[in-house]
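Right, one structure below, let's go through it.
Numbered from 1 within each chain, the chains take letters A, B, ... in sequence-line order.
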Number of protein chains: 2
Amino acid sequence: MMLSEGMVERLSVYRQLLVCLEHRQRTDVFSHELASLAGVTAAQVRRDLMTIGYSGNPRRGYGVAGLVAVIGGYLDSPGGQAVVLVGLGNLGRAILAYFNERRQGLRIVAAFDRDPAKMDQIVQGCRCYPMEKLQEVVAGTGAQVGIIAVPRDGAQQVALQLVRAGIRGLLNLSPMRLVMPDYIYVEDLNMASSLEKIAFFSRRQTGEKKVAQ
Amino acid sequence: MMLSEGMVERLSVYRQLLVCLEHRQRTDVFSHELASLAGVTAAQVRRDLMTIGYSGNPRRGYGVAGLVAVIGGYLDSPGGQAVVLVGLGNLGRAILAYFNERRQGLRIVAAFDRDPAKMDQIVQGCRCYPMEKLQEVVAGTGAQVGIIAVPRDGAQQVALQLVRAGIRGLLNLSPMRLVMPDYIYVEDLNMASSLEKIAFFSRRQTGEKKVAQ
DNA sequence: TGTTGTGAAAACCTTCACAGCG
DNA sequence: CGCTGTGAAGGTTTTCACAACA
């Protein structure tokens with residue numbers, strides 16, 4: 001089955017929330033609870049769970065553990081997925097810290113930077129390689145996903161190197177839009193756009209509900 | 001007129017691209033050029049520009065400078081908008097650097113951190129205040145937008161303080177979903193969700209076109 | 001009673017396709 | 001001729017509303 005972008009995003013958010021609930025010993029949850037935590041409507045939650053074929057029970061709601069497992073079945077790659085990071089400035093280090101002890105499914109297995117002073121350092125448990133080793137290391141790890149955390153002028157160049165090394169998906173944190181062949185899946189996190197959007201909608205006094213991400 | 005979220009995002013991207021073109025002395029641009037730079041279809045660009053009432057000319061396309069101005073008329077607040085940042089770790093510093101010399105419209109006018117060692121430092125041209133001064137400084141600057149760059153456990157707490165100080169829109173960079181009254185516009189940049197999305201769609205060999213942000 | 005599951009409707013967004021123009 | 005501007009069509013996503021059920 002093919003899930004839409006929006007659905008994948010919501011499933012990911014549901015799972016984060018469910019894991020939280022699990023830690024608090026919750027075993028079941030109602031659609032309206034999950035909905036208000038996730039910032040969507042209860043009907044949306046029910047529809048999403050219906051789409052992935054997870055059933056609840058009118059008395060107790062949905063089973064938390066089972067739902068986490070079913071979402072995992074959709075989102076996670078069976079053997080886990082390796083991710084590489086390019087750029088170890090403030091942003092790159094922030095991302096490493098973020099994913100430091102994250103879910104086993106996605107692991108940042110290598111970082112690259114052109115600053116020779118950083119070579120072979122271990123930052124947040126992750127080894128830093130020079131750009132020249134990119135091809136070789138990416139191939140060795142079998143990573144399919146890359147994170148671009150370099151300044152605007154290097155971004156396009158770095159993206160091309162990653163694609164040549166076999167990467168299929170990119171998280172682009174630079175303010176530059178990448179021009180890529182269309183078999184590459186690119187997600188831009190453009191902070192300038194995000195802030196402009198917030199500025200715009202917070203000016204209008206909209207009673208606005210917001211979805212994750 | 002009310003613009004949709006998607007449109008605001010695209011307008012913001014168009015503007016970034018147009019400013020780039022302006023620097024390269026381009027005076028006019030065709031819908032299909034802007035489209036391929038922005039990663040959308042030409043029809044979409046024409047529809048968007050129609051919506052904001054900007055007309056082109058079948059011979060030369062759309063005037064770059066005029067379009068930048070019209071988009072600005074929609075996106076920018078007349079007097080500019082002040083933004084405050086909470087959290088001066090790696091992520092916070094990366095954001096400051098990012099917006100260091102950004103467009104005059106959005107300015108980060110103050111940063112807050114609970115680490116006493118950072119008090120009164122000037123980071124990237126921006127003064128750092130203690131959390132206790134938040135209320136007072138936000139009121140003084142009239143900021144309406146806040147950026148949350150603190151670790152997960154502090155996020156909800158910080159968001160509430162910002163709301164109490166009068167903030168109306170939030171950029172949440174923590175992995176925590178915020179529970180907010182619904183007159184507050186929240187945008188979550190959840191890296192975990194983004195990465196999971198990329199991992200998912202890059203696995204399926206979709207010939208996928210991607211829109212900004 | 002309060003919840004799930006779900007057809008059907010509504011809302012929204014994107015693309016098509018072509019007339020009209022420079 | 002190749003582009004813009006746009007009504008109409010098409011597609012997708014969200015919400016409604018209610019039967020079925022524990």
> Could you give the CG-to-P distance, from Leu3(A) to dT14(D), as a whole number of Å?
Replying inline: 13 Å
>> Looking only at the side chain of Phe30(B) (C-beta and beyond, no hydrogens), which of the listed nucleotides dT15(C), dT4(D), dT14(D) gets closest?
In response: dT4(D)
>> Do Gln81(A) and Arg203(B) pair up side chain to side chain, a donor and an acceptor below 3.5 Å, judged on atom types alone?
In response: yes
> Whole-Å distance between dC12(C) P and Glu9(B) CD?
Replying inline: 18 Å
> dC16(D), dT4(D), dT6(D): which one has an atom nearest the side-chain heavy atoms of Met50(B)?
Replying inline: dT6(D)
> Do side-chain atoms of Asp113(B) reach the backbone of Leu88(B) as a donor and acceptor pair under 3.5 angstrom?
Replying inline: yes
> Has the side chain of Arg47(A) got a donor or acceptor atom sitting under 3.5 Å from an opposite partner on the base of dT13(D)?
Replying inline: no
>> Apply side chain to side chain contact (heavy atoms under 4.5 Å, CB included) to residues Arg177(B) and Leu37(A) and explain how you reach the verdict.
In response: CA-CA 7 Å; Arg177(B) 267 207 57 95; Leu37(A) 291 169; over 6 Å; no
> What is the distance from CG of Leu34(A) to C1' of dT4(C), rounded to the nearest Å?
Replying inline: 14 Å
> Rounded to the nearest Å, what distance is computed from the CD atom of residue Glu33(A) to the P atom of nucleotide dT3(C)?
Replying inline: 9 Å
>> Do Ser202(A) and Gln144(B) pair up side chain to side chain, a donor and an acceptor below 3.5 Å, judged on atom types alone?
In response: no
> Nearest to the side chain of Gln44(B) - dT4(D), dC16(D), dT14(C)?
Replying inline: dT14(C)
> Within this structure, what is the CD-to-P distance between Glu5(B) and dT14(C), rounded to whole angstrom?
Replying inline: 12 Å
>> In whole Å, I'd like the distance from the CE atom of Met7(A) to the P atom of dG11(D).
In response: 21 Å
> Taking the side chain of Arg46(A) as its heavy atoms from C-beta onward, which of dT15(C), dC3(D), dA17(D) lies nearest to it?
Replying inline: dA17(D)
>> Can you pull out the residues from residues 51-64 of chain A that lie within a 4.0 Å heavy-atom distance of DNA chain C?
In response: Ser55(A), Gly56(A), Asn57(A), Pro58(A), Gly61(A), Tyr62(A)
> How long is the line joining CG of Leu49(B) and P of dT14(C), in whole Å?
Replying inline: 14 Å
> Atom CG of Asp48(A) to atom P of dT15(D): distance rounded to whole Å?
Replying inline: 10 Å
> After noting the C-alpha distance and the side-chain angles of Leu134(B) and Val84(B), does the key distance pass the side chain to side chain contact (heavy atoms under 4.5 Å, CB included) rule?
Replying inline: CA-CA 9 Å; Leu134(B) 194 144; Val84(B) 298; over 6 Å; no
> Which pair of heavy atoms, one from Ser193(B) and one from Ser12(A), lies closest together, and at what distance?
Replying inline: OG-OG, 3.1 Å
